[in-house]
Amino acid sequence: MDIKFVKAKTLKEKPDQSNLPFGRIFTDYMFTMDYDPENGWHNATIEPYGPISLDPSACVFHYAQEVFEGTKAYKTPDGHVQLFRPQENFARLNRSAKRLCIPPIDEDFALEALKQLVEIEKDWIPTAPGTSLYIRPFIFATENYIGVHVSSTYKFFIILCPVGSYYEDGLKPAVMHIEQVYARTVAGGTGEAKCGGNYAGSLAATEKANEEGYEETLWLDGATRKNIEEVGSCNIMFKIDGKFVTPKLTGTILPGITRKSIIQLLKSWGETVEERVLPIQELLDDYHAGKVEEVFGMGTAAVVAPIGKLNYAGEDMVFNNDEIGPSAQKIYDTLVGIQHGTVEDPFNWVVKVC
Ligand SMILES: *Cc1c(COP(=O)(O)O)cnc(C)c1O
């Protein structure tokens with residue numbers, strides 16, 4: 001399939017790189033394509049970024065048939081542009097799509113489209129340390145019918161935003177609240193799909209956590225509320241007694257690409273990594289025994305997000321004196337280095353765009 005190019009009449013002014021907000025500034029172009037049963041995915045176009053028109057009865061507004069992805073493009077010191085494991089994102093997008101009864105995209109074609117879009121927009125990729133071009137692919141249902149059903153038509157988009165370093169003031173640890181009332185998902189639900197609905201359902205818990213002074217919610221399993229799952233925008237890793245422990249993927253946790261990469265990285269350094277069920281009681285016991293060395297989140301936006309405090313049932317657990325630990329720092333430096341092309345990539349994770 002050829003990708004049609006519609007040239008913008010005027011280009012926007014590039015933002016000040018020293019003060020980039022997350023997710024509010026969009027580049028000049030976006031990629032779009034349409035699906036209908038007769039033509040399959042068709043009408044692939046790179047066109048000026050801008051509003052779209054949809055019928056108010058479009059399925060997505062009523063029943064949330066939508067999936068999305070998040071990845072980044074980076075500029076290397078010698079001016080090349082590269083992506084980090086983008087094939088993983090399109091594979092996961094198709095797994096999420098399958099769960100939501102959305103027709104699959106051609107992953108190779110989507111990667112080709114992404115490369116073309118990023119190359120056109122390469123001047124938008126910021127170069128200051130820790131900055132990048134955030135990439136948001138998403139698919140949603142567009143059929144005009146408010147009966148509950150699988151939509152027959154869809155739109156696929158890729159939009160881009162230049163983003164600053166997640167850590168404007170250095171890697172400052174986050175304060176999180178372990179949720180005991182609300183649940184993010186349960187076995188058989190959509191927890192392992194990256195879909196907007198999961199986020200809509202978790203906003204109330206995060207609002208409550210914010211009101212109480214916590215930045216994020218750490219979720220327990222929805223069925224028993226006994227085992228640690230994830231943060232809801234990133235996965236979580238504990239360093240306990242010299243070993244790394246992360247909740248295993250049981251179907252209710254989003255299989256993060258950062259999580260997967262960090263596990264590979266740690267193993268390549270000879271570290272022990274356990275993917276297993278981690279009961280909150282075990283964490284409390286290990287914490288009181290002084291065995292919990294570090295805790296950090298893992299996700300594309302922050303890469304590594306140190307967690308300084310975790311509140312559970314009224315008790316604050318404080319890790320590594322509320323400072324980033326040496327393991328989190330080393331992982332962050334290595335992964336960010338590989339992504340920006342300043343550290344060698346022995347895993348073949350990086351995909352060059354231009
Ligand atoms: C996207 C996401 C993550 C992190 O995945 P990455 O591929 O590492 O960015 C973790 N949990 C949830 C719920 C997510 O949506």
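As the structure is a prediction and not an experimental result, all values here were calculated from the model. Order of appearance sets the numbers: ligands from 1, and atoms from 1 within every ligand.
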* When only distance counts, is Arg92 in polar contact with ligand 1, meaning an N/O pair under 3.5 Å? -> yes
* Find all atoms of ligand 1 within a distance of less than 4.0 Å from any non-hydrogen atom belonging to Arg184, and give their numbers and elements. => 13 (C)
* Do Lys330's NZ or CZ and the ring of Trp269 fall within the cation-pi criteria of under 6.0 Å and 45°? -> yes
* Structure fact -> Note: ligand 1 atoms sitting under 4.0 Å from heavy atoms of Tyr199 are 12 (C), 13 (C), 14 (C), 15 (O)
* Distance-only polar pair, side chains of His149 and Gln65, donor-acceptor under 3.5 Å -> no
* Asked: What residue and heavy atom of the protein are closest to atom 9 (O) of ligand 1, and at what distance?
  -> Thr300 OG1, 2.6 Å
* Structure fact -> Separation between NZ (Lys194) and CZ (Phe138), nearest 0.5 Å, reads 14.0 Å
* **Distance-only side-chain donor-acceptor flag, Asn320 / Glu294, under 3.5 Å** => no
* For atom 10 (C) of ligand 1, grab the closest protein heavy atom and report residue, atom and distance to one decimal in Å. => Cys234 CA, 3.4 Å
* **Residue pair Thr153 / Glu143, side-chain donor-acceptor N/O under 3.5 Å** => no
* Identity and separation of the nearest protein heavy atom to atom 8 (O) of ligand 1 -> Thr258 OG1, 2.5 Å
* Asked: Any nitrogen or oxygen of Phe68, main chain or side chain, under 3.5 Å from a nitrogen or oxygen of ligand 1?
  -> no
* Do Lys194 and ligand 1 have an N or O pair less than 3.5 Å apart? -> yes
* Asked: Is there a side-chain contact between Phe319 and Pro173 (heavy atoms, below 4.5 Å)?
  -> no
* Strictly under 4.0 Å, does any heavy atom of Lys260 approach an atom of ligand 1? -> no
* Asked: In the protein, what heavy atom is nearest to atom 4 (C) of ligand 1, and what distance, to one decimal place, separates them?
  -> Ser233 O, 3.8 Å
* Under 6.0 Å from the CG atom of Asp78, do we count more than 12 heavy atoms belonging to anything else shown? -> yes
* **Numbered atoms and elements of ligand 1 in range of Gly256, under 4.0 angstrom, heavy atoms** => 5 (O), 6 (P), 7 (O), 8 (O)
* Applying a strict 4.0 Å limit to heavy atoms, is Gly232 in contact with ligand 1? -> yes
* Tell me yes or no: between the side chains of Lys239 and Ser327, is some donor less than 3.5 Å from an acceptor? => yes
